[in-house]
Amino acid sequence: MSKAWDGAKLAESIHESIPGVVVDTSGTDIWIDPDSVPDVMRLLRDGDEFRFQLLSSVTAVDYISYFEVVYHLTSLTRNATAVVKSKTGLGRDEARIPSVVDLWRGADLQEREVWDLMGIIFEGHPNHKRIMLWEGFPGHPLRKDFATYEQSIVPEADRRVPTVVSDEIENGQGS
Amino acid sequence: MNSTFLDNSLFRNIYCYLASDSDGCASRGYDTAVLPAGFEWLAFAITAFIIINIVINAGLGAVIVYIWGERRILGRIQNRTGPNRWGPFGMFTSVADAIKTLFKEDIIPDEADRWLFNLAPILMVFPVLMVLAVIPFGVGTFVVDINVGILFVIAVTSISGISVVLASWASGNRISIFSGMRSVAMLISYEIPMALSLIGVLMLAGSMSLGAIVEAQDLPFILVQPLGLFVFLIAAQAETSRTPFDLIEAESELAAGYLNDYSSMKFGIFFLAEFLATIVASMLIVTLFLGGWRGWDPIPSQIWFAGKTVLVLLFIMWMRFSWPRLRVDQILALAWKGLFELTLINIFVTAILIAIWPDPGITELLIMSAINWVVFFISIWLVSKLLRPSDYANPAPQPENPPYPVATDELPDEMAYTGGTTR
Amino acid sequence: MTTQVRTEPITVNLGPQHPSTHGVFRMRVTFDGEEIIDVEPIFGYLHRGSEKLAEERTYVQVVTLTDRMDYVGSMLNNQAYMLAVEKLAGVEPAPRGVWLRMIASELQRIASHLVAVGFLIQDLGAWGTPLIYTMREREKILDLFEMLCGARITNSYLRPGGVFMDAPEEFWPAMNELLDELPPRIDDLDDLLTDNDIIFSRTKGVSILTPEQMIDASITGPMLRAAGVDWDLRHRDPYDYYDQVSFDRPLHTAGDNFARYWVRVQEMRESIKIIRQCEKLIEPGPVRPEHDDVPWLLRPPIGDAYAAIEHSKGELGFYLVSDGSISPYRCHVRAPSLINLTLLRDMLVGELLADMFVSFGSVDINMGEVDR
């Protein structure tokens with residue numbers, strides 16, 4: 001069984017090398033300061049304690065008031081996992097976070113995907129272009145405030161997309 | 001009238017029926033004369049027209065039947081039915097396909113060089129039809145038996161390589177250009193082993209005429225010239241660009257290579273030429289190595305010839321549908337490092353044997369055959385030893401102390417001190 | 001005297017309409033003669049916004065979206081998604097349901113590897129014969145899926161906590177018949193292909209990737225095991241009941257096209273072993289928890305969960321975020337097909353045009369999953 005690092009322990013171990021970067025912990029998750037991402041990630045990859053050789057996944061979640069970038073790390077030799085999160089774009093500012101491509105090349109396409117669909121800028125990414133959608137596509141679709149073409153052009157009264165989808169489903173018509 | 005033509009029974013019958021007081025005809029006992037004297041040229045033209053029509057149409061009919069047969073056999077090999085809707089056993093499927101091809105829109109791309117684009121398909125099919133002229137299909141059933149038959153065949157077939165280059169260049173398509181480059185490299189490389197592999201046959205038969213070669217095969221040359229047949233079979237596969245040498249068309253790499261921009265009847269002509277070339281190649285193999293039309297009575301010689309051709313075609317299909325394609329460098333390596341040396345060995349050994357027995361009878365041929373088969377197996381073994389990859393199925397051993405987990409049964413348990421929880 | 005031949009690079013767009021790109025994938029390739037000097041993959045021709053669509057569907061409805069991601073590995077996709085949902089909602093699955101979905105996903109793994117191997121040989125230029133031989137076995141597996149859930153490709157068989165219906169009685173003899181039939185078929189495949197000189201010489205030493213490179217690029221699955229890294233989530237992080245079955249992890253050390261092909265063929269045999277063990281261990285019982293415990297309209301507590309399985313192509317992970325409502329707030333897919341393409345340029349540069357699609361095929365991608 002893979003073991004997941006306890007958030008508090010992980011924060012403690014990181015603080016031994018780089019003090020004050022972990023903002024918050026909860027369960028197995030830790031939240032780090034976005035500016036410290038390259039340093040912390042380098043420590044997590046190369047530190048003797050951690051050895052997270054594999055970057056399983058990079059993704060992002062839109063929590064309306066801020067964006068959260070989520071890194072899932074795996075250590076092949078220790079058979080352990082860790083979840084590192086970082087809040088950015090507070091107050092829906094332009095969301096920026098340093099890229100980890102120079103640490104793990106596996107972040108290459110995943111960070112491009114996050115930029116394309118969620119609109120988070122990864123500073124230092126060598127090929128920071130859209131991946132799924134074409135250049136010039138308006139907006140980033142996975143954001144919660146993304147308006148489709150229809151939604152932005154058609155007046156609200158004429159829209160095909162019902163705004164009360166979940167009620168219908170709850171009344172038993174949807175499932 | 002040239003007696004070469006008059007040896008052909010079909011030609012003789014038509015020509016002598018039409019023409020009057022011709023030396024050849026009179027001496028052969030023909031006394032009808034439809035046309036007046038002085039019109040021998042017209043008789044010749046009409047006869048030639050009829051015979052060309054017969055040969056070309058027979059060739060095209062053979063292609064239609066061959067495509068149907070190949071698709072049926074492909075179906076059997078691939079564990080499915082194959083075409084079975086149109087006519088008995090799906091026999092009319094190819095006819096339907098041919099009609100469909102005719103009615104397709106003929107597209108010429110804007111960037112194409114129109115003149116060369118239209119010329120290429122003609123250049124492709126023309127040489128293949130010309131080769132049909134010299135093949136003896138049976139006793140007295142041939143268009144013409146010229147005394148440099150083999151040279152003619154080799155000279156004429158090399159034109160089709162040019163047409164592939166023309167087609168790929170004229171299309172103005174980058175993927176087609178790859179096809180053209182490959183065709184130059186491959187077709188020209190394989191001309192050499194193909195031509196050299198026939199020298200053994202020439203030495204044995206003492207003639208370049210295909211008719212004379214058939215006559216000389218008291219013992220089919222497959223027994224006396226196994227190495228020659230082996231090389232010729234492979235080289236013919238390559239020249240007709242069939243799998244495993246189909247890198248000119250290479251569907252999985254170049255989509256369709258030089259055929260990418262062709263449509264309608266021009267595509268049809270390329271398609272036809274490709275299949276006709278396969279049939280002609282099998283006919284040549286039958287003529288040169290399997291004793292041609294020779295067989296036993298009472299089955300007519302034409303049937304023997306057709307039957308042998310079908311057998312060779314089946315073998316070629318079997319090869320085609322079983323193997324993946326070779327890479328360009330491997331194909332060229334095979335031609336220059338493998339087949340070329342094999343042909344030289346073959347020429348050398350055959351020359352020595354001919355020097356010992358200048359005019360071999362059946363006993364001498366049998367002795368030569370035994371020696372040649374021994375040489376065949378030894379040289380094939382040697383060449384394959386040089387060209388084959390080494391055994392590879394078993395994995396190499398794991399490196400020592402790699403920075404990643406290698407095969408172990410116990411999992412690392414270094415997480416105790418981290419207070420980790422099971423995921 | 002040597003003469004210098006001046007060559008000009010030529011840039012060709014291969015795809016999105018090309019017979020060998022396994023879907024709608026486009027590569028902008030620069031060639032020097034036949035040699036590849038630059039590759040730029042261009043994605044997105046099959047992007048359907050599955051992750052966005054998932055945000056507007058209930059947790060059970062999202063299953064149908066996962067089917068359409070990797071459409072040759074639907075059962076495995078369902079399994080990964082269900083593990084994430086169960087982890088998020090804290091659902092205790094029903095044992096029989098778990099065994100059934102293990103059987104289904106191992107069958108799917110065989111089917112997926114058959115497709116991968118068959119199309120690899122097709123890319124090598126064989127005239128479809130080996131492909132149709134592998135498809136024949138896959139058809140039988142799809143027949144079994146039809147017995148299980150009525151669908152062949154887009155199964156949607158799994159539900160939170162198990163599967164939606166029990167296997168019919170006819171399923172077990174039919175499956176046993178297939179399992180008896182498969183090993184000789186795989187041996188046939190081995191005879192026809194693994195011992196074939198042309199396949200040797202075409203795939204040996206082509207597009208070698210070292211284990212360090214691949215770990216750095218997050219590449220997982222058969223590609224990683226073909227380079228000798230013993231990393232199989234079924235073994236290292238056993239989900240479902242994989243800790244109760246025993247199986248080997250076939251490893252090759254070369255890391256080239258042949259090794260990737262070889263590992264897939266061997267893994268099929270291991271899957272058969274696993275299915276046989278599952279069949280022995282399965283016991284009668286409910287196939288999913290009671291409706292009161294796990295309603296159709298699942299409302300997981302606020303939080304997030306990441307669950308990963310060993311898909312036939314690599315680590316397939318689902319990252320779900322719940323806001324306490326009936327549909328996921330965010331559903332991210334860690335798609336092995338997309339991530340395994342990270343090193344495409346490194347694999348192809350320096351190889352020949354002929355090996356390009358072979359190397360590409362040996363990654364075993366599925367465009368439905370790459371673009372989602």
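Numbered from 1 within each chain, the chains take letters A, B, ... in sequence-line order.
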**OP:** Quick one: which of A:Gln110, A:Arg130, A:Arg45 has the most heavy-atom pairs under 4.5 Å with chain C, could you say?
**Re:** A:Gln110
Original post:
Judged by modelled atom types alone, do C:Ser218 and A:Arg105 share a side-chain donor-acceptor pair under 3.5 Å?
Top reply: no
Original post:
Which answer fits A:Asp29, side chain, backbone, both or neither, if we ask what part of it has an atom under 4.5 Å from a heavy atom of chain C?
Top reply: side chain
Subject >> Most contacts with chain A, counted as non-hydrogen pairs under 4.5 angstrom, among C:Asp304, C:Asn340, C:Thr220, C:Val370 >> reply: C:Asp304
**OP:** Please look at A:Val58 and chain C and tell me whether the side chain, the backbone, both or neither of the residue comes under 4.5 angstrom of a heavy atom of that chain.
**Re:** backbone
**OP:** Using heavy atoms and a sub-4.5 Å threshold, report which of residues 117-129 of chain A line up against chain C, by residue number.
**Re:** A:Leu117, A:Met118, A:Lys129
Subject >> Proximity breakdown for A:Leu133 and chain C, heavy-atom pairs closer than 4.5 Å >> reply: side chain
Subject >> Most contacts with chain A, counted as non-hydrogen pairs under 4.5 angstrom, among C:Gln213, C:Glu51, C:Lys52, C:Glu55 >> reply: C:Lys52
Original post:
Less than 4.5 Å apart, any side-chain heavy atom of C:Ile215 and any of A:Leu76?
Top reply: yes
**OP:** Indicate the atoms forming the closest heavy-atom contact of A:Asp62 with C:Tyr329, along with that distance.
**Re:** O-OH, 2.5 Å
Subject >> Contact origin within C:Tyr319 toward chain A - heavy atom pairs under 4.5 Å >> reply: side chain
Subject >> With sequence neighbours excluded, residues passing ring-ring contact (aromatic ring centres under 6.0 Å, His included) with A:Tyr66 >> reply: A:Tyr63
Subject >> Least distance between heavy atoms, C:Arg330 atom then A:Thr59 atom >> reply: NH2-OG1, 3.1 Å
